[in-house]
Amino acid sequence: MTDILPVKSRAEAAAQPTRRLLRPGLLPWGWAAALCLLYATVAVRRHLLLRTTGYDLGIFEQAVRAYAAFRAPVVPLRGPDFNLLGDHFHPLLAALAPLYRLWPSPLCLLIAQSALLALAVVPLARWAVRALGRRAAHAIAVAYGLSWGIASAAAFDFHEVALAVPLLAFALEALGRRRWGSAVAWAAPLLLVKEDLGLTLAAVGVLIAVKGPRRLGIATAAAGLLGSLIEIKLLLPAFNPGGDYAHGGNLSDGYGSLLSTLAHAPLDVLRPDIKAMTLILVFAPSALLALRSPLSTIAVPTLAWRMVSENGFHWGTAFHYSAILMPIVFAGLIDVLSRETSARNVRASLATVLAVTVVMIPSFPLAQLAQRATWRTTPHIEAARALLARIPDGATVAASNRLAPQLTSRCEVVIFPTFPVDSRLYEYDRKQLPPPTAEWIVYDNRTPEAWPYKPGHWPYPLDQQEAELVAAREKYGYEFVAARDGVTLLRRGRA
């Protein structure tokens, strides 16, 4: 993890002082701007095509909207009077409230996420310039920017983990340059992003204890472990209506006892096969070279809880779960290459990294930019927008999952049919649904494929949703307002 001079001759550096002084400073920020534009294009187009969802963009918008109004982050989409700090512990979300207050729109969150994911390239490219030279830094920036973990996060709604990605990237740069205090300062706010990231902070501390000041490292590791423990055992249950940790079931003792579960853990990490594939793909963007760096150990906590989780979403490559790992992978790559004494080997390694990047692009969502459907507004989308425009600001609305985030900036929205998750996620009785209470119902019976989801209806099968729509009119007093191309708008009848 020692720094070395860029792979270039001293004569070249002396002959081009302007390039040496100016371009290294501009290069990282230029890439950050370009990547932000790329991610924002994908995210905004998804939203305009009705591919974003109430779960999760709508949920996070309701939370940030509450913060912007100086209220607790109570989120109707998550349940009646549900404080989102009882779901995951992410008070740092409040940092986005000033931006949202200026621009109250779901696009505000999507573009903010794009900027945060892109910002992480700055410390990585800056470190690469110093250690490997400008050409290598360009390669690192391209590989990070197009990596599947970042692409998957950029193209799936909004999530709090976007706040952690640049924080960890700056911390990793500081670790690579042996600036131990700076590394801790950048990594410490991870505790305010999500409860499991205290374990990542602890991993940073362990690395510092081994490579740098032992006392600082031990103190950092202890703070990370204690922080996660306090959040999971005390803070989250205190905010949760059920008085417990909402996601504790994902790590339950599936073998009857904790000891038995721990004994089976080594095998469960690799079963089913998708877990092993994900573990390989995490480090594939670095051509597996990052595994040779001590920095790669910082990925262990995130990979560990994902692989032992009982939630199948955590095992694969979709969604946002791998975004936090990509800065670790590329910091490890820079660390390994900075200790390589052969310029030829460095070039060969970077060529392999870029080749892997290109090969993987078609399998992940940045490829949507090359698809005609991404740039086409269908009659169905136009019909949905026309009916949504008939709902007045400030109304209470029960909306289909993909229509919900189109309304959360100006209405109070819940999912239709009513999704009574209460204090625990995904716990509901399909046979006894509570009656709708919102003023308006807007329902879409079409759900085309929209990455990462396959075609299908959620949270209930199509026939059950259709039956609930009929019941709204026949049992609960809703009146038909309009219908176009599969989208139906109802309003509660007046007494």
Side-chain angles (χ1 to χ4, degrees), residues 31-58 105-118 121 141-159 162 274 277-278 281 284-285 313 316-323 326 354-386 388 400-406 444-458 462 484-487:
W31 273 110
L35 293 176
C36 178
L37 179 62
L38 176 67
Y39 304 152
T41 301
V42 174
V44 170
R45 285 304 301 169
R46 285 188 76 250
H47 184 69
L48 296 178
L49 294 173
L50 308 184
R51 295 178 181 178
T52 53
T53 60
Y55 276 67
D56 297 310
L57 177 59
S105 166
L107 297 181
C108 176
L109 296 189
L110 294 175
I111 293 176
Q113 174 171 263
S114 300
L116 289 165
L117 296 176
V121 81
V142 170
Y144 166 82
L146 302 182
S147 61
W148 65 266
I150 296 298
S152 297
F156 177 56
D157 290 13
F158 172 91
H159 293 86
I274 188 175
M277 181 62 67
T278 296
L281 288 177
F313 286 152
T317 57
F319 306 104
H320 57 287
Y321 300 112
S322 296
M326 294 298 102
L354 291 176
V356 171
T357 299
V358 171
V359 168
M360 296 182 74
I361 287 176
S363 299
F364 293 94
L366 291 182
Q368 293 174 11
L369 293 176
Q371 299 171 359
R372 290 184 179 181
T374 301
W375 306 101
R376 179 172 174 261
T377 300
T378 64
H380 177 74
I381 294 171
E382 293 175 345
R385 289 178 181 169
L388 291 172
S400 294
N401 190 35
R402 293 189 186 176
L403 298 180
Q406 307 293 322
D444 188 354
N445 68 5
R446 298 189 181 184
T447 55
E449 183 171 2
W451 189 96
Y453 295 115
K454 296 179 179 180
H457 293 78
W458 184 88
L462 177 61
R484 284 182 58 186
D485 204 44
V487 181

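Computed from heavy atoms alone, side chains included, the values below leave out hydrogens, waters and symmetry copies.
Within the 4.5 Å cutoff, no side-chain heavy atoms of L49 are placed close to those of R376. In this structure, L369 and R45 have side chains that are not in contact, with every pair of non-hydrogen atoms separated by 4.5 Å or more. Two residues are said to be in side-chain contact when any heavy atoms from C-beta on lie closer than 4.5 Å; W148 and P285 meet this criterion. Side-chain atoms of F313 and Y321, non-hydrogen and from C-beta on, do get closer than 4.5 Å to each other. Put simply, the side chain of Y39 does not reach to within 4.5 Å of the side chain of I111, judged on heavy atoms. No side-chain heavy atom of L117 sits under 4.5 Å from any side-chain heavy atom of M326. In this structure, F364 and T317 have side chains that are in contact, with non-hydrogen atoms separated by less than 4.5 Å. Contact annotation: the side chain of Q368 approaches that of P365 to within less than 4.5 Å [non-hydrogen atoms, C-beta and beyond].
Side-chain polar atoms of H320 and D56 form no donor-acceptor pair below 3.5 angstrom.
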field: Candidate pair W458 and Y55, rule ring-ring contact (aromatic ring centres under 6.0 Å, His included), full reasoning
entry: CA-CA 10 Å; W458 184 88; Y55 276 67; 5.1 Å; yes
query: Given the rule in the side-chain contact (heavy atoms from CB on, under 4.5 Å) test, do L146 and L38 qualify, once you have shown the distances and angles that lead to the verdict?
result: CA-CA 10 Å; L146 302 182; L38 176 67; 3.8 Å; yes
task: Apply side-chain hydrogen bond (donor to acceptor under 3.5 Å, both in side chains) to the pair N401 and H457, showing each step before the final yes or no.
output: CA-CA 9 Å; N401 190 35; H457 293 78; over 6 Å; no
message: Go through it in stages, so that I can follow the logic: the residues are D485 and E382, the test is side-chain contact (heavy atoms from CB on, under 4.5 Å), and I'd like the CA-CA distance, side-chain angles, deciding distance and then a yes or no.
response: CA-CA 9 Å; D485 204 44; E382 293 175 345; over 6 Å; no
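Among all heavy-atom pairs drawn from H47 and P405, the shortest one is CE1-O, 3.5 Å. Summarising the geometry of A284 relative to V356, their closest heavy-atom pair is O-CG1, 3.4 Å, with the distance given to 0.1 Å.
One N or O on the side chain of R46 and one on the backbone of R51 form a donor-acceptor pair closer than 3.5 Å. A donor-acceptor pair under 3.5 Å is formed between the side chain of S400 and the backbone N or O of D444. A distance-only check finds a donor-acceptor pair linking the side chain of Q113 to the backbone of D157 [under 3.5 Å].
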